[in-house]
Amino acid sequence: MSNFQTAYYKSPIGTIKIMGADDLIYSIDFTDEIPKSNSNSHEIQNCIFQLDEYFAGKRKAFSINYILNGTDFQKRVWNEMMKIPFGKVFSYKDVAISIGYSKAVRAVGSAVGKNPIIIIIPCHRVVKSDGTIGNYGGGQWRKLWLLDHEGNKIGARRPDS
């Protein structure tokens with residue numbers, strides 16, 4: 001594995017810090033840090049290219065190489081979030097049921113909140129059962145922006161809910 005590298009991406013909703021190496025992304029998160037020089041890592045540059053396309057409305061799914069560091073339960077939640085289609089939302093309860101832990105709604109909420117790869121793993125697409133948006137690590141305004149960007153008017157649930 002190559003050396004650990006960092007890049008900063010200026011998105012329409014704030015600066016995003018991307019950490020990774022030549023072949024893998026380790027984390028993507030919003031930051032208030034002042035951007036420093038960007039990495040030349042192939043996978044980080046690929047990630048930036050795909051984020052550009054997403055924010056330009058030209059991309060609905062991502063294909064970057066990443067690694068997830070977390071518990072087995074967290075990884076199940078994060079992998080389930082990857083199945084939520086662009087423009088749709090699932091509730092925390094929907095995700096809990098989908099992974100076979102129907103009573104673990106709070107644990108699912110905790111795992112969603114610890115998502116290490118924002119936007120790519122679409123935690124912004126997980127809302128409360130009553131259709132309200134719930135929390136978002138980057139701030140509720142960013143979650144609303146992302147949902148609106150994807151054409152999802154809050155309350156639009158997955159078809160089988």
Side-chain angles (χ1 to χ4, degrees), residues 4-21 24-70 74-75 77-95 105-106 108-158 161:
F4 192 73
Q5 299 177 35
T6 302
Y8 296 85
Y9 173 75
K10 290 207 177 250
S11 81
I13 53 175
T15 302
I16 296 173
K17 183 178 184 179
I18 305 166
M19 298 192 318
L24 290 170
I25 300 297
Y26 295 100
S27 71
I28 302 173
D29 204 1
F30 293 105
T31 184
D32 291 328
E33 290 181 38
I34 297 172
K36 298 167 183 74
S37 62
N38 276 343
S39 159
N40 290 325
S41 150
H42 169 74
E43 198 57 33
I44 289 177
Q45 294 306 313
N46 179 38
C47 181
I48 289 170
F49 174 77
Q50 291 186 38
L51 285 168
D52 272 341
E53 289 185 329
Y54 171 80
F55 284 113
K58 298 176 183 175
R59 176 175 289 276
K60 294 183 178 182
F62 295 91
S63 58
I64 65 164
N65 296 316
Y66 57 84
I67 189 164
L68 295 173
N69 292 310
Q74 288 170 331
K75 290 176 187 177
V77 170
W78 299 333
N79 285 320
E80 192 63 28
M81 286 190 297
M82 290 296 296
K83 298 175 187 175
I84 304 172
F86 182 93
K88 302 288 183 197
V89 293
F90 283 21
S91 70
Y92 296 97
K93 185 175 183 178
D94 293 333
V95 174
V105 176
R106 285 186 180 193
V108 165
S110 177
V112 169
K114 292 179 179 158
N115 175 15
I117 302 183
I118 59 157
I119 302 171
I120 309 296
I121 299 177
C123 54
H124 59 277
R125 297 180 191 154
V126 183
V127 299
K128 291 183 172 183
S129 293
D130 66 4
T132 58
I133 67 164
N135 294 324
Y136 187 65
Q140 289 183 331
W141 72 271
R142 283 189 175 113
K143 185 171 185 170
L144 284 169
W145 191 99
L146 291 165
L147 291 170
D148 185 60
H149 175 68
E150 294 184 3
N152 189 321
K153 303 305 175 208
I154 205 58
R157 300 291 306 286
R158 71 183 209 197
S161 296

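For the single chain, residues carry numbers from 1 onward in sequence order.
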Would you say I18 and I48 make side-chain contact, with heavy atoms under 4.5 Å?
-> yes
For E150 and Y54, test the side chains for any donor-to-acceptor distance below 3.5 angstrom and give the result as yes or no.
-> yes
Check against side-chain contact (heavy atoms from CB on, under 4.5 Å), I117 and Y26 | CA-CA 7 Å; I117 302 183; Y26 295 100; over 6 Å; no
Atom pair CD/CD1 of E80 and I121 - distance to nearest 0.5 Å = 12.5 Å
ring-ring contact (aromatic ring centres under 6.0 Å, His included) assessment of W78 paired with Y66 | CA-CA 12 Å; W78 299 333; Y66 57 84; 9.7 Å; no
Relative to each other, are the rings of Y136 and H124 parallel, tilted or perpendicular (30° and 60° limits)?
-> perpendicular
Are D29 and K17 close enough that some pair of their side-chain heavy atoms sits under 4.5 Å apart?
-> no
So do I16 and Y8 actually touch side chain to side chain, heavy atoms under 4.5 Å?
-> no
Test item: V108 and V105 side chains (from C-beta on) under 4.5 Å apart, heavy atoms | no
Can you establish whether the number of heavy atoms outside F49 located under 6.0 Å from its atom CZ is more than 12?
-> no
Donor + acceptor pair across side chains of T132, D130 (<3.5 Å) | yes
Does a salt bridge link E53 with R59, judged by any charged N lying under 4.0 Å from a carboxylate O?
-> yes
